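Report on the structure given below.
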Amino acid sequence: MIRSIRACKTAAEERAVVRKECASIRAAISDNDQTFRHRNLAKLMFIHMLGYPTHFGQMECLKLIAAPGFAEKRIGYLGLMLLLDERQEVLMLVTNSLKQDLNQNNQHIVGLALCALGNICSADMARDLAPEVERLLQFRDPNIRKKAALCSIRIIKKVPDLADNFVDPVVSLLKEKHHGVLLTGIQLCTDLCKVNEEALEYFRKRCTEGLVRSLKDVVNSPYVPEYDIAGIADPFLHMRLLRVLRILGHGDADASDCMSDILAQVATKTESHKNAGNAILYECVGTIMSIEDNGGLRVLAINILGRFLCNRDNNIRYVALNMLMKAIAVDVQAVQRHRATILECVKDLDGSIRKRALELVYLLVDESNVKPLTKELIDYLQVSDQGFKGDLTAKICSIVEKFSPDKIWYIDQMLKVLSEAGNYVTAAVWHALIVVITNASNLQGYTVRSLYKAIQISNDQETLIRVAVWCIGEYGDMLVNGIDMLDIEDPITVTECDAVDVVESAMKHHLLDLTTRAMCLIALLKLSSRFPECSQRIKEIIAQSKGSLLLELQQRSVEFNSIIQKHQNIRSALVERMPVLDETMYNKRRSKSVPGAVSTSLEFASNLPNGVIAKTDVAPLVDLLDLGGDEPPPPASSGGNFLLDLMDVGTPHSSSQSGTTVQPQKSGTDALLDLLSTWSPPPEKESHTTTDIVLLNQDDNTSVNNPLDIVSSSIVPSGQLKPTSSSVMDLLAEFGPNPETTPGDGGSTSTYPSIVAYESSSLTIVFNFSKRPESPQVTDIEALFTNKSSEVYTDFVFQAAVPKFLQLHLEPASSNTLPGSGNGSITQKLHVTNRQHGKVSIRIRLRLHLFFFLYFFILPPFYPLIVAISILYKRRIV
């Protein structure tokens, strides 16, 4: 059959031969042919290895196993291990045969049964045959003891509850002189320690000294040809002993002290010229790093790893780098001594070694060595291949941001990275660089001059061009006039035309994307105000984009030309220098802690340069729909982030019972609020009433034309002041009397005092409460909305959300238009069912949207910019 299959030239011919042979084997099975049963099964195993189905021959395996002869049993057990696995139900039929064979006196048959059981043992078979295997651990023949130990490993993995039965026999196996038995006994001991904590403590007390003696005997044993490999006696036993000592010594000072001498002997006497010796040294280092030991032995282990780094074998260098990464947590100073060798591995030709060495260098960097290490990495960045520049650039940027000693060094290193690999720098990195530049007022001139020099040399790095164009647009006057010149700078002469030339050349660069070209247009608009003499030229450059196929560039070109031509009186105000940006992002990237709050991620996103939001988080929006029933309100906001207040993160609130006063805070970076509103915080008022709320309103003379007047008043708990971080607020209030606890009348529907939930010079919201005597858990709320301003609010939307223990039914509003001057009102009914009535009060969060339009005639009258303002009012009612 084998010759016929090998002679087949096509797969079809092979399938035909296999089908013919399978048909013959089926016929023989049907005829119950005893003579050639083992030969047919051997053919089936070959067919199975070719990938063809052979399930029809499984029962033949069982018949051969039950046969009395050794030859039949050998083929039967071989077929059992090859054709079946532990998931087959047929295995239940072979358990009795295995038990009989394990109890035979013929050691060869016992060995066959142990091999089969160790390969396909299931949990049920393990429970049934564990006593026989345990008995065979004391068998007279060492080969049977070895196989029984291997079979025991399979049993305790399938049924960990049986581990206690094998603890005592293992102690005798660890005293064996036969290397095969000792190897399997050590492996069984290792697995028992992993699955049973009591066994680990038992072996620590009983076997540690014996294992140390065994390792010492192996290390000092004379030449034995049977076990010698490259001049080392049985390196496999060496490694097994070192691994089990690693487990026994971990976390135990006494056991570690017992094995420290022999570990030092292995580390110093083992030859490292052959691969077998290197394997033993590697396991020895792993054991030294795992046990409780003094620093001297660990320094010796790290020095061994340092020698590994000088080895010409890439595999040895790779495992050494892996082990050094773990060793940093133990002794970073010892690893620092091999810093030069590790840096050489960063330049290795093997890509996997380069990446691992780069990760190790990143872990080695601290404040004391950041400058030399960064210099080495940046020097290598210039000559590294393109496939490695991405990882190398990311690590360098992370190191510079995390450990920079001062801002000037940070800026210098980032400019070098941008010049060499700017296309690999992520947006978050150059955003952070711009934030640092805006905060370093004394370095802005130095930075823009450095960028001007860099862009003259390297104009193919897009990120470098972006940062340079942005800085020239902001600080072009410093570039031309040489403002804030430092002593370390070389004087340069730059004219206004030179600065415009740089931006114009970047604008015409055919490889730059839309974002970079748009930034060039913005820079040109700013330079038109800073360089009046070049205003006409700048206008012509901007006008070239009027016919651009990119709508964004076309629109910017039209708008900016209109500003230059017809709005020169407001141009200087529009293109003022960017304010100092929030340095939170830069500081967080340098900090070693990982942010874990939702508000942190939002603050990181909202503080990017130019107001660009890089990422958002849906958790604050989900908060509206899933209020925690008994959770305390969130802590007070930092008062500096308009987006946080808008999206309901960090709601200002404190307990009204504390009697403390929350001081108003004003952020200097809330440019969006300053642009859209002239709102100022109301004067402080004290509450002299006994109610649970106090109203803080603006003066009645406040102009209703201000779009944010509608949310300029709020309801806050007694003893608190309204926070001033933003005019769009999310406040918590405890209303009284509580509709859930106030007793109702004995008649029909119970009524309760109305509550003015919100009142300002332009809008009033009143809630009327009522209860149903037949359903005390249901509270009916009627919301009445009155517009006191002259404006008409359209697209009225009123939303409410409740915790999970409440059920809310919100009826449609009476109208979607709120007339002005108090000529009409809108009503809407809410029905709240409290499933924890009498235990937890009702809590409702409200959100109100009122849409209206403002027209800013900054652009020509024929092209008005329509800005839709959505007033978002949020309120939780308790």
Side-chain angles (χ1 to χ4, degrees), residues 267 281-282 285-286 288-290 293-311 314-385 388-406 409-410 412-414 416-417 420-421 424-426 429 432 587-594:
L281 288 175
Y282 178 77
V285 170
I288 291 173
M289 291 299 174
S290 299
D293 190 64
N294 54 31
L297 200 56
R298 286 176 178 163
V299 170
L300 177 62
I302 294 174
N303 290 338
I304 293 174
L305 296 178
R307 294 203 305 270
F308 281 0
L309 293 178
C310 301
N311 198 297
N314 288 348
N315 295 323
I316 295 177
R317 292 208 302 275
Y318 187 82
V319 297
L321 291 170
N322 272 338
M323 185 64 73
L324 283 172
M325 292 182 68
K326 300 175 183 178
I328 286 180
V330 179
D331 192 346
V332 65
Q333 295 301 325
V335 181
Q336 288 280 7
R337 298 190 187 101
H338 304 279
R339 191 173 63 202
T341 309
I342 297 170
L343 278 172
E344 289 300 318
C345 292
V346 176
K347 306 172 185 178
D348 196 90
L349 296 178
D350 189 279
S352 59
I353 293 179
R354 285 202 308 261
K355 290 183 178 181
R356 188 62 68 188
L358 183 60
E359 294 174 1
L360 181 56
V361 169
Y362 181 75
L363 297 176
L364 286 175
V365 176
D366 54 27
E367 289 80 0
S368 62
N369 59 20
V370 61
K371 289 187 177 181
L373 281 178
T374 304
K375 183 180 181 302
E376 292 283 346
L377 294 177
I378 292 178
D379 290 342
Y380 177 61
L381 182 63
Q382 301 174 3
V383 296
S384 62
D385 57 77
F388 188 55
K389 274 193 176 181
D391 294 335
L392 185 57
T393 301
K395 291 297 183 184
I396 294 174
C397 292
S398 181
I399 289 171
V400 172
E401 292 170 355
K402 192 174 182 180
F403 298 102
S404 60
D406 49 57
W409 184 85
Y410 169 82
D412 287 340
Q413 306 312 310
M414 292 304 300
K416 291 178 182 178
V417 174
E420 297 297 335
Y424 297 96
V425 176
T426 62
V429 172
N587 292 333
K588 284 184 179 179
R589 290 181 67 86
R590 296 185 71 236
S591 64
K592 297 181 181 179
S593 60
V594 178

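These numbers come from a predicted model, not from an experiment.
- To the nearest 0.5 Å, atom CG of residue N369 and atom CZ of residue R339 are 5.0 Å apart.
- Listed here is the closest heavy atom pair of V400 and Y410: CG1-CD1, 3.4 Å.
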Starting from the C-alpha separation in whole Å, work towards a yes-or-no answer on side-chain contact (heavy atoms from CB on, under 4.5 Å) for L305 and H338. CA-CA 9 Å; L305 296 178; H338 304 279; over 6 Å; no
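- By the neighbour-count criterion of 12 heavy atoms within 6.0 Å, atom NZ of K389 is densely surrounded, having more than that number from other residues, nucleotides or ligands.
- When side chains are defined from C-beta on, N314 does not count as touching L349, because their heavy atoms never get closer than 4.5 Å.
- One distance of note links OH of Y282 with CG of N315; it measures 11.5 Å at 0.5 Å rounding.
- Taking CG of L377 as the reference point, atom CG of L392 lies at 6.0 Å (rounded to 0.5 Å).
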Can you list the steps and then say if K375 with D379 is a salt bridge (charged side-chain N to carboxylate O under 4.0 Å, His left out)? CA-CA 6 Å; K375 183 180 181 302; D379 290 342; 3.1 Å; yes
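- Across all non-hydrogen atoms, the minimal contact from Q413 to I378 is OE1-CD1, 3.2 Å.
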Evaluate the side-chain contact (heavy atoms from CB on, under 4.5 Å) criterion for residues Q336 and D366: first the C-alpha distance (whole Å), next the side-chain angles of each, then the deciding distance (0.1 Å), finally the verdict. CA-CA 11 Å; Q336 288 280 7; D366 54 27; 3.8 Å; yes
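- Of all non-hydrogen atoms in W409 and T374, the two that sit nearest each other are CH2-OG1, 3.7 Å.
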Under the side-chain contact (heavy atoms from CB on, under 4.5 Å) criterion, do L321 and E359 qualify, and how do the steps go? CA-CA 9 Å; L321 291 170; E359 294 174 1; over 6 Å; no
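- Between S398 and Y362 the shortest heavy-atom distance is OG-OH, 2.9 Å.
- Across all their heavy atoms, L358 and F388 have their closest contact at CD2-CZ, 3.8 Å.
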Please test V299 against R337 for side-chain contact (heavy atoms from CB on, under 4.5 Å), starting from the C-alpha separation and ending with a verdict. CA-CA 10 Å; V299 170; R337 298 190 187 101; 4.0 Å; yes
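- For the 3.5 Å distance criterion, the side chains of S352 and Y318 fail to qualify, holding no donor opposite an acceptor.
- Expressed to the nearest 0.5 Å, how far CG of D331 lies from CD1 of I302 amounts to 4.5 Å.
- Annotation for R298 and M289: closest pair O-CE, 3.9 Å, computed over non-hydrogen atoms.
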